[in-house]
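For the numbers below, each heavy atom of this structure counts, side chains included, while hydrogens, waters and symmetry mates do not. In what follows, chains carry the letters A, B, and so on, assigned in the order in which the sequence lines appear, proteins first and then strands, with residues in each chain numbered from 1. Note that this is a predicted model, so its numbers are computed, not measured.
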There are 2 protein chains.
Amino acid sequence: MTRSEENYIKTIFHLGRKGTREVATNAIAELMETKPSSVTDMIKRLSEKDLVNYKRYQGVSLTALGNKTALGIIRKHRLWEVFLVEKLDFSWDEVHEVAEQLEHIKSDKLIDSLDRLLAYPKFDPHGDPIPDKNGGFKERDRELLSEVPKNSVGVCVGVKDSSATFLKFLDKNGIALGNQIRVMEIEEFDGSLNIEIDGRKMQISHVIASNLYIKVNND
Amino acid sequence: MTRSEENYIKTIFHLGRKGTREVATNAIAELMETKPSSVTDMIKRLSEKDLVNYKRYQGVSLTALGNKTALGIIRKHRLWEVFLVEKLDFSWDEVHEVAEQLEHIKSDKLIDSLDRLLAYPKFDPHGDPIPDKNGGFKERDRELLSEVPKNSVGVCVGVKDSSATFLKFLDKNGIALGNQIRVMEIEEFDGSLNIEIDGRKMQISHVIASNLYIKVNND
DNA sequence: ATATATTTTTAGACAAAACTAAAAATTTGT
DNA sequence: ACAAATTTTTAGTTTTGTCTAAAAATATAT
Ligand SMILES: [Mn+2]
Ligand SMILES: [Mn+2]
Ligand SMILES: [Mn+2]
Ligand SMILES: [Mn+2]
């Protein structure tokens, strides 16, 4: 598989999770910053190789083989992200770009050894689950901070938007994965929240809250 | 720079070390397992980018920029080889193939952090020197085992042929970098050697001896 | 010195992956 | 239901990097 094919497969996988079963040509083009005509060309090649199901004008979905391929790439991407943070002291806003390159390195032994070196991590630096060798992974039980009721208590376990700008914003405001969070007040007017995070009180906008995942303590 | 351009630059660098100043089109083609016509095409592109000096039919050589580029790639290649051996328990015959891929990853921060993680190694698993950030490196003082006189004593510091087959042969016969070597006898007839290696006596053929570098103890 | 052999370059083709512009199919609005 | 808007596909180019076959330059051998 070429690098480009792998990137398409990964994008189709991500778009297939959210939203509808069949992924639209335009959606792929937009996410990959390419043109719809290029997407159509590539989809045909992928269809030829039995990685996607494709009927023209009907959108595209991954075959079983395509799905397995996608999970393999995502496993590599996320393991490399952990490596960069844990072993090379990268910050969580710097890892994605490099992982985009590293995810295409082909060597089973390499990725298995990396997994062992990192002590088989289950989640990447953004709180996203890492598929195991066989592509299996459990989506962690979590909710957007913007969706939980007042007085909820939990721990911050992930980000929805993992852009560098958002992550740096969180750093600046001392918000990190693992922090204890209590929702003190939800402002009707603009949806902003008063929270207590690791003992410290602060106010965050609705936009911020809708990009933070927490695991609620259910007693 | 594209991956392919980088591979050409690296090959021209290696061929330029040994042998003559100007590198022949055919030599590049042979080493890269490609056709001479493809080489000519690429050389023109590299010349356009000021990475090589080229006058048709006169062979090719690296410019200052090309040289610096080559050293950067070789630095990455060798650091990754050290990483694979030291951190991921690869054997020295397994690292080259993966390093061929990893050497093309683009991130200064990545390679500097890797260098730090590995404690700034000076040599790769095959005894080849690792250029520093600025492309500087000192070729270690060493000689082929086949060229030193009888009774020489020294330490094994590198291999000339670093193919997996040769390296596995060395493993099988318990020969490794760092071993103490004494040349007991040189057989006139076939150039084979009787050596004592880490206290153990053995006989090795001329071919083997001419692919092992030793640093002779000069007293 | 001249014919022969070797090396290198050119010319023309091809595949991958992208693009633009235009056509075709589908969806939406009234 | 039908026109308009949107989405998707096709057709035709482009760039990178490769190839084969043929031509040109250089090296070698008698
Ligand atoms: Mn990422
Ligand atoms: Mn991630
Ligand atoms: Mn190597
Ligand atoms: Mn090496």
Sugar-phosphate, base or nothing in reach of A:Lys44, heavy atoms under 4.0 Å: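 Here A:Lys44 touches the backbone only, sparing every base.
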Sugar-phosphate only, base, or nothing, as touched by A:Ser4 at under 4.0 Å among non-hydrogen atoms: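 Result for A:Ser4 = sugar-phosphate.
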Closest to the [X] side chain, choosing from [options]:
X	options	result
B:Arg45	C:dA18, D:dG17, D:dT9	D:dG17
B:Glu5	C:dA17, D:dG17, D:dA21	D:dG17
A:Thr2	C:dA17, C:dT10, D:dG17	C:dA17
B:Ser37	C:dA18, D:dT18, D:dT20	D:dT20

Measure [atom1]/[X] against [atom2]/[N] and give the value in whole Å, please.
X	N	atom1	atom2	answer
A:Leu46	C:dA18	CG	P	11 Å
A:Ile43	C:dA16	CD1	P	17 Å
B:Glu30	C:dT7	CD	P	10 Å
B:Met42	D:dC19	CE	P	11 Å
A:Lys35	D:dT8	NZ	C1'	15 Å
A:Met1	C:dA16	CE	P	13 Å
B:Glu22	C:dT8	CD	P	12 Å
B:Glu6	D:dT16	CD	P	15 Å

Below the 4.0 Å mark, does [N] have OP1 or OP2 next to a side-chain nitrogen or oxygen of [X]?
X	N	value
B:Tyr54	C:dT8	no
A:Thr40	D:dT9	yes
B:Thr34	D:dT18	no

Excluding sequence neighbours, so at least two apart, what forms side-chain hydrogen bond (donor to acceptor under 3.5 Å, both in side chains) with [X]?
X	result
B:Asp161	B:Ser163
B:Asp108	none
B:Lys109	A:Glu94

Of A:Arg56 and A:Glu33, the one whose closest DNA chain C nucleotide lies more 5':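 The answer here is A:Glu33.
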Pairing residues for B:His126 by the ring-ring contact (aromatic ring centres under 6.0 Å, His included) criterion, not counting sequence neighbours: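 Here no residue qualifies.
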Results of ring-ring contact (aromatic ring centres under 6.0 Å, His included) for B:His77 - residues two or more places apart only: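 For B:His77 the ring-ring contact (aromatic ring centres under 6.0 Å, His included) partners, ignoring immediate neighbours, are B:His96.
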Distances under 3.5 Å between nitrogen or oxygen atoms of protein and nucleotides 12-14 of chain C:
none

Over 12 foreign heavy atoms within 6.0 Å of CD, A:Glu97: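 It does not: A:Glu97 CD has 12 such atoms or fewer within range.
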Between the protein and nucleotides 2-7 of chain D, list every N/O to N/O distance that falls short of 3.5 Å.
none

Mutual orientation of the aromatic rings belonging to A:Phe83 and A:Trp80 [parallel < 30°, tilted 30-60°, perpendicular > 60°]: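 Rings of A:Phe83 and A:Trp80: perpendicular, as their planes differ by over 60°.
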Residue pairs passing the salt bridge (Lys or Arg N to Asp or Glu O under 4.0 Å) test where at least one lies in residues 51-74 of chain A, sequence neighbours excluded: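 Pairs touching residues 51-74 of chain A that pass the test: none.
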Side chains of residues 30-51 of chain B: which donor-acceptor partners sit under 3.5 Å, not counting sequence neighbours?
from	atom 1	to	atom 2	distance (Å)
B:Thr40	OG1	B:Pro36	O	3.2
B:Lys49	NZ	B:Glu5	OE1	3.2
B:Lys49	NZ	B:Glu5	OE2	2.9

Given B:Glu81, B:Arg78, B:Glu139, the one that forms side-chain contact (heavy atoms from CB on, under 4.5 Å) with B:Asp128: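 The option that passes is B:Arg78.
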